[in-house]
S.K.: 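I have a structure here, written as structure tokens, and I will follow up with some questions on it.
By convention here, the first residue in the shown sequence is residue 1.
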Amino acid sequence: MKKIILPSHYNYVGVFLTFGCQLNCSYCVNRYKKANPKYKQLTTEDWIKGLNRLELKDDLPITLQGGEPTLYPGFYDIVNGIKPETNIDILTNAMFDVDEFIKRIKPDRCRRNSPYASIRISYHPERMELTSTMEKVLKLLDNGYSVGVWIVDHPRDTKVANICYELLIQEKIDCRMKEFLGEYEDKNYGTYFYPKAVDGKPKHCLCKPSELLIAPDGSIHRCHYELYNN
């Protein structure tokens with residue numbers, strides 16, 4: 001099959017293996033407002049075949065995400081089946097078996113020269129428990145993995161989020177606050193070029209796609225709104 005060469009201005013490759021997740025957060029962007037992303041799933045073999053067609057710049061990784069990407073049955077096979085010269089990042093909630101993860105993925109498979117960790121754990125105070133998450137992060141770090149924690153700063157949970165942030169920093173874990181995008185108690189939160197973009201209300205946008213967004217069925221979408229709304 002022919003190689004796929006991305007335009008030079010593309011700066012992100014988001015691979016949504018599945019929209020399944022264990023958490024069911026009340027503010028989940030995948031189901032925000034009327035979003036209902038139901039897709040059939042590609043086979044493991046088709047994912048590997050398709051992703052290996054991509055010719056990417058050295059500093060442009062494939063980012064496996066979801067939902068929770070480790071829920072996809074062939075997750076480990078995909079990670080290990082992507083050609084070794086292609087960098088891989090993983091966005092996860094870390095609700096996986098950490099011993100199996102260590103056994104099946106080598107630390108250098110998800111490590112590159114970057115200002116942020118290749119394995120980024122999205123921490124949701126509404127649904128997650130800090131102690132168990134921290135234990136997993138520390139175990140992964142002790143085994144040589146590039147790991148960081150990004151806390152979703154929902155306005156309802158800001159106090160708890162700040163406490164979690166301080167505890168993670170005390171353990172010398174790379175931790176960042178992740179801006180909440182959306183509406184809460186009739187107020188919009190987050191930074192937008194188009195303020196109503198999260199609701200899909202703008203009728204005309206001057207956006208030029210700079211991201212390759214691949215849905216669970218392999219279809220390609222030009223923005224996150226269209227991805228989430230199928």
Side-chain angles (χ1 to χ4, degrees), residues 12 14 16-39 63-71 89-96 98 115-117 119-138 140-141 147-202 205 207 211 213 215-216 221 223-230:
Y12 191 74
F16 295 77
L17 295 178
T18 174
F19 279 116
C21 183
Q22 308 96 325
L23 296 180
N24 195 32
C25 296
S26 62
Y27 51 80
C28 181
V29 69
N30 293 353
R31 295 186 299 278
Y32 187 74
K33 295 291 184 180
K34 296 181 180 180
N36 187 25
K38 294 181 179 179
Y39 292 95
T63 301
L64 302 178
Q65 57 195 285
E68 172 49 40
T70 62
L71 288 178
D89 283 7
I90 299 173
L91 304 188
T92 175
N93 59 28
M95 298 185 74
F96 50 75
V98 71
Y116 48 83
I119 301 172
R120 299 189 290 284
I121 295 171
S122 186
Y123 184 79
H124 301 264
E126 178 185 273
R127 297 289 185 181
M128 296 173 68
E129 195 274 319
L130 184 63
T131 302
S132 61
T133 302
M134 190 183 298
E135 287 175 352
K136 288 184 176 182
V137 172
L138 291 172
L140 289 168
L141 288 170
V147 187
V149 178
W150 296 60
I151 301 176
V152 178
D153 187 17
H154 190 281
R156 183 192 54 232
D157 302 318
T158 293
K159 184 176 181 179
V160 175
N162 286 327
I163 293 172
C164 292
Y165 176 84
E166 293 298 330
L167 291 171
L168 289 163
I169 292 297
Q170 287 174 21
E171 292 291 335
K172 295 182 170 48
I173 293 171
D174 178 17
C175 183
R176 323 280 179 101
M177 281 293 194
K178 187 175 183 180
E179 187 180 42
F180 169 68
L181 302 176
E183 184 182 295
Y184 176 67
E185 293 186 342
D186 298 323
K187 181 179 178 181
N188 266 330
Y189 290 84
T191 305
Y192 311 89
F193 191 82
Y194 295 98
K196 294 293 185 179
V198 133
D199 296 328
K201 292 179 180 177
C205 298
C207 300
E211 302 178 341
L213 304 176
H221 298 261
C223 70
H224 284 82
Y225 175 80
E226 294 191 355
L227 168 75
Y228 297 140
N229 287 276
N230 196 10

S.K.: Look at the rings of His154 and Phe180 and say which category their plane angle falls in: under 30° parallel, 30 to 60° tilted, over 60° perpendicular.
M.R.: tilted
S.K.: Evaluate the side-chain proximity of Ile151 to Val149: yes if any heavy-atom separation is below 4.5 Å, no if none is.
M.R.: yes
S.K.: Below 4.5 Å, heavy atoms only, C-beta onward: do Leu181 and Tyr192 meet side chain to side chain?
M.R.: yes
S.K.: Begin with the C-alpha distance, continue with both residues' side-chain angles, and end with the deciding distance and a verdict on side chain to side chain contact (heavy atoms under 4.5 Å, CB included) for Leu227 and Phe19.
M.R.: CA-CA 11 Å; Leu227 168 75; Phe19 279 116; 4.1 Å; yes
S.K.: Do Tyr116 and Asp89 have side chains that get closer than 4.5 Å, going by heavy atoms?
M.R.: yes
S.K.: Which residue pairs satisfy the salt bridge (charged side-chain N to carboxylate O under 4.0 Å, His left out) criterion with at least one member in residues 128-137, sequence neighbours excluded?
M.R.: none
S.K.: Quick one: NE2 on His224 to CG on Asn229, what's the gap to the nearest 0.5 Å?
M.R.: 12.5 Å
S.K.: For residues Cys21 and Asn93, determine if any side-chain heavy atom of one lies less than 4.5 Å from a side-chain heavy atom of the other.
M.R.: yes
S.K.: When rounded to the nearest 0.5 angstrom, what is the spacing between CZ in Phe16 and CG in Leu213?
M.R.: 5.5 Å
S.K.: Quick one: does Asp174's side chain get under 4.5 Å of Ile169's, heavy atoms only?
M.R.: no
S.K.: Could I get the full list of side-chain hydrogen bond (donor to acceptor under 3.5 Å, both in side chains) partners for Thr18, not counting sequence neighbours?
M.R.: Gln41
S.K.: What do you reckon, are the aromatic ring centroids of Tyr228 and Tyr225 less than 6.0 Å apart?
M.R.: no
S.K.: Are Tyr27 and Tyr184 an aromatic pair, judged by ring center distance below 6.0 Å?
M.R.: no
S.K.: Return the OH to OG1 distance between Tyr189 and Thr158, rounded to the nearest 0.5 Å.
M.R.: 8.0 Å
S.K.: Which pair of heavy atoms, one from Lys178 and one from Ser122, lies closest together, and at what distance?
M.R.: NZ-OG, 4.0 Å
S.K.: What verdict does the side chain to side chain contact (heavy atoms under 4.5 Å, CB included) test give for Met128 and Leu23, after you've listed the backbone C-alpha separation in whole Å, the side-chain angles of each residue and the deciding distance to 0.1 Å?
M.R.: CA-CA 8 Å; Met128 296 173 68; Leu23 296 180; 3.9 Å; yes
S.K.: Quick one: pull up CG in Leu141 and CD1 in Ile173 and give me the separation to the nearest 0.5 Å.
M.R.: 6.0 Å
S.K.: So which pairs with a foot in residues 147-173 pass salt bridge (charged side-chain N to carboxylate O under 4.0 Å, His left out), sequence neighbours left out?
M.R.: Glu126-Arg156
S.K.: Please confirm whether the backbone N or O of Thr70 pairs with a side-chain atom of Glu68, one donor and one acceptor, at under 3.5 Å?
M.R.: yes
S.K.: Tell me if a side-chain donor or acceptor on Glu179 pairs with a main-chain N or O of Thr191 at a distance below 3.5 Å.
M.R.: yes
S.K.: Is there a side chain to side chain contact (heavy atoms under 4.5 Å, CB included) between Val152 and Tyr123 once you walk through the steps?
M.R.: CA-CA 6 Å; Val152 178; Tyr123 184 79; over 6 Å; no
S.K.: In Å and rounded to the nearest 0.5 Å, what is the CG to CD distance from Leu71 to Gln22?
M.R.: 4.0 Å
S.K.: Are the side chains of Arg120 and Ile90 in touch, meaning some heavy atoms are under 4.5 Å apart?
M.R.: no
S.K.: Of the non-hydrogen atoms in Pro69 and Gly66, which two are nearest, and what is the gap between them?
M.R.: CD-N, 4.0 Å
S.K.: Working to the nearest 0.5 Å, report the span between SG of Cys25 and NE2 of His124.
M.R.: 5.0 Å
S.K.: Give the C-alpha distance, both sets of side-chain angles, the deciding distance and a yes or no for side chain to side chain contact (heavy atoms under 4.5 Å, CB included) between Val147 and Ile121.
M.R.: CA-CA 7 Å; Val147 187; Ile121 295 171; 3.8 Å; yes
